[in-house]
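Read through the structure below, which is laid out as structure tokens, and then see the notes.
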Amino acid sequence: MVDFARVQKELQECNRDIEVSGISVNPKSDNLTQLIGTIPGPLGTPYEGGTFTIDIVLPDGYPFEPPRMQFATKVWHPNISSQSGAICLDILKDQWSPALTLKTALLSIQALLSAPEPDDPQDAVVAQQYLRDYQTFVGTARYWTETFAKTSSLGAEEKVQKLVEMGFPESLVRSTLEVVGGDENMALEKLCSG
């Protein structure tokens with residue numbers, strides 16, 4: 001059974017220094033086993049300036065079993081599937097320890113964005129590009145960051161207006177867009193599944 005007291009504590013700790021780390025974790029709904037994490041793209045990488053959303057599912061054995069995490073935001077990286085968002089990271093598999101937290105896992109994913117491991121890829125196509133044509137890799141990763149991980153402040157009000165016109169309350173629209181990092185499609189999905 002999931003240790004919900006620990007999960008509550010972890011959520012509070014993670015969101016306490018959001019101004020500094022930029023990392024947050026919030027429940028998808030009332031159910032504390034389905035969460036959404038956000039991490040900022042690391043400075044000095046093609047992911048800089050992007051905000052990446054990660055779906056987190058806590059298994060029954062958490063914290064003795066690792067959380068299941070995958071990118072909801074599309075990302076071009078050798079250790080992340082460009083199709084499914086699956087992440088190749090040892091602490092999300094056999095190197096997990098109950099001493100680790102959701103925040104340490106998200107920090108590790110952020111570090112992975114800074115230091116790809118193309119010799120242990122999740123996405124072979126991206127890994128080959130990284131190894132054989134690094135400049136093209138950087139350009140593609142930047143393009144994907146611009147396209148999928150950035151939201152312009154101008155577009156935010158338009159998204160709110162569009163979703164309000166569909167009949168959703170403005171306050172709920174704003175909070176939902178914030179939780180999903182400004183992704184209009186994810187916000188609509190979440191609002192519809194209510």
Side-chain angles (χ1 to χ4, degrees), residues 7 11 14-15 17-43 45-58 67-87 89 92 102-103 105-107 109-110 112-114 122-123 125-126 137-194:
V7 174
L11 292 180
C14 201
N15 295 329
D17 70 346
I18 187 171
E19 306 304 322
V20 178
S21 69
I23 292 175
S24 69
V25 180
N26 292 293
K28 261 189 175 175
S29 61
D30 297 341
N31 181 348
L32 280 182
T33 60
Q34 298 195 347
L35 310 167
I36 294 180
T38 56
I39 59 171
L43 301 176
T45 71
Y47 312 104
E48 183 175 342
T51 300
F52 297 86
T53 306
I54 295 165
D55 280 327
I56 304 168
V57 176
L58 301 180
R68 289 194 294 277
M69 296 187 172
Q70 72 180 49
F71 275 83
T73 307
K74 290 177 77 66
V75 60
W76 191 255
H77 187 284
N79 307 107
I80 300 157
S81 169
S82 59
Q83 302 298 308
S84 70
I87 304 164
L89 184 62
L92 295 179
L102 295 170
K103 184 169 185 180
L106 290 170
L107 284 165
I109 291 170
Q110 188 182 40
L112 184 66
L113 288 178
S114 295
Q122 175 72 38
D123 194 310
V125 173
V126 181
F137 161 78
V138 169
T140 306
R142 267 202 196 107
Y143 175 77
W144 278 43
T145 300
E146 291 290 329
T147 306
F148 302 115
K150 287 190 177 179
T151 51
S152 68
S153 55
L154 172 70
E157 286 308 308
E158 291 166 1
K159 290 175 189 174
V160 168
Q161 193 57 43
K162 208 161 145 187
L163 291 167
V164 167
E165 285 171 5
M166 290 180 190
F168 299 106
E170 184 176 339
S171 60
L172 182 62
V173 166
R174 287 187 187 282
S175 63
T176 305
L177 276 167
E178 195 174 303
V179 165
V180 298
D183 184 317
E184 188 182 338
N185 292 329
M186 279 180 66
L188 181 59
E189 200 175 297
K190 197 168 163 50
L191 287 164
C192 288
S193 64

> How many angstroms lie between atom CD1 of Ile87 and atom CG of Asn79, to the nearest 0.5 angstrom?
Replying inline: 10.0 Å
> Ala187 and Leu177: which non-hydrogen atoms are nearest, and at how many Å?
Replying inline: CB-CD2, 3.7 Å
>> So which atom in Gly22 and which in Pro40 form the shortest heavy-atom distance, rounded to 0.1 Å?
In response: O-CD, 3.4 Å
> Do the ring planes of Phe52 and Phe71 sit parallel (below 30°), tilted (30 to 60°) or perpendicular (above 60°)?
Replying inline: perpendicular
>> When you compare the side chain of Pro67 with that of Leu102, does any pair of heavy atoms fall below 4.5 Å?
In response: yes
>> If you define the side chain from C-beta out and look only at heavy atoms, does anything of Lys103 sit under 4.5 Å from Leu107?
In response: yes
> Is any side-chain heavy atom of Leu191 closer than 4.5 Å to a side-chain heavy atom of Leu172?
Replying inline: yes
> Are Arg142 and Thr145 side-chain neighbours, meaning at least one heavy-atom pair lies under 4.5 Å?
Replying inline: no
>> Distance check, rounded to the nearest 0.5 Å: Ser175 atom OG versus Glu170 atom CD?
In response: 11.0 Å
> From Arg68 CZ over to Gln34 CD, what is the distance, rounded to the nearest 0.5 angstrom?
Replying inline: 9.5 Å
> Can you name the nearest heavy-atom pair linking Met69 to Ala105, along with the distance?
Replying inline: CE-CB, 3.6 Å
>> What I want to check is whether the side chains of Ser29 and Asn31 have a donor and an acceptor closer together than 3.5 Å.
In response: no
>> Run Ile18 and Ile23 through side-chain contact (heavy atoms from CB on, under 4.5 Å) and show every step you take.
In response: CA-CA 5 Å; Ile18 187 171; Ile23 292 175; over 6 Å; no
> Which atom names give the shortest non-hydrogen contact between Asp55 and Ala72, and what distance separates them?
Replying inline: OD2-CB, 3.8 Å
> So does Lys162 have more than 12 non-hydrogen atoms from other groups sitting under 6.0 Å from NZ?
Replying inline: no
> Is any side-chain heavy atom of Pro27 less than 4.5 Å from a side-chain heavy atom of Leu11?
Replying inline: yes
> Passes side-chain hydrogen bond (donor to acceptor under 3.5 Å, both in side chains), Thr38 versus Ser24? Steps please.
Replying inline: CA-CA 5 Å; Thr38 56; Ser24 69; 2.6 Å; yes
> From Ser81 OG over to Asp123 CG, what is the distance, rounded to the nearest 0.5 angstrom?
Replying inline: 5.5 Å
>> Taking the side chain as everything from C-beta on, heavy atoms only, tell me whether Val75 gets closer than 4.5 Å to Leu113.
In response: yes
> To the nearest 0.5 Å, what is the distance between CG (Asn26) and CG (Leu35)?
Replying inline: 8.5 Å
>> Does the plane of the ring in Trp144 sit parallel, tilted or perpendicular to the ring in Trp76? Use 30° and 60° as the thresholds.
In response: tilted
> Quick one: CD on Gln70 to CD1 on Ile56, what's the gap to the nearest 0.5 Å?
Replying inline: 11.0 Å
> Tell me, do Ile80 and Gln122 make a side-chain contact under 4.5 Å, heavy atoms counted?
Replying inline: no
>> Measuring only between side-chain heavy atoms, which start at C-beta, is Leu106 closer than 4.5 Å to Ile54?
In response: yes
>> Using only atom types and a distance under 3.5 Å, with no angle test, would you say the side chain of His77 pairs donor to acceptor with the backbone of Ser82?
In response: no
> Minimum heavy-atom separation for Leu32 to Val7, with atom names?
Replying inline: O-CG1, 4.0 Å
> If you take all heavy atoms of Leu89 and Ile109, which pair is closest and at what distance?
Replying inline: CD2-CG1, 3.8 Å
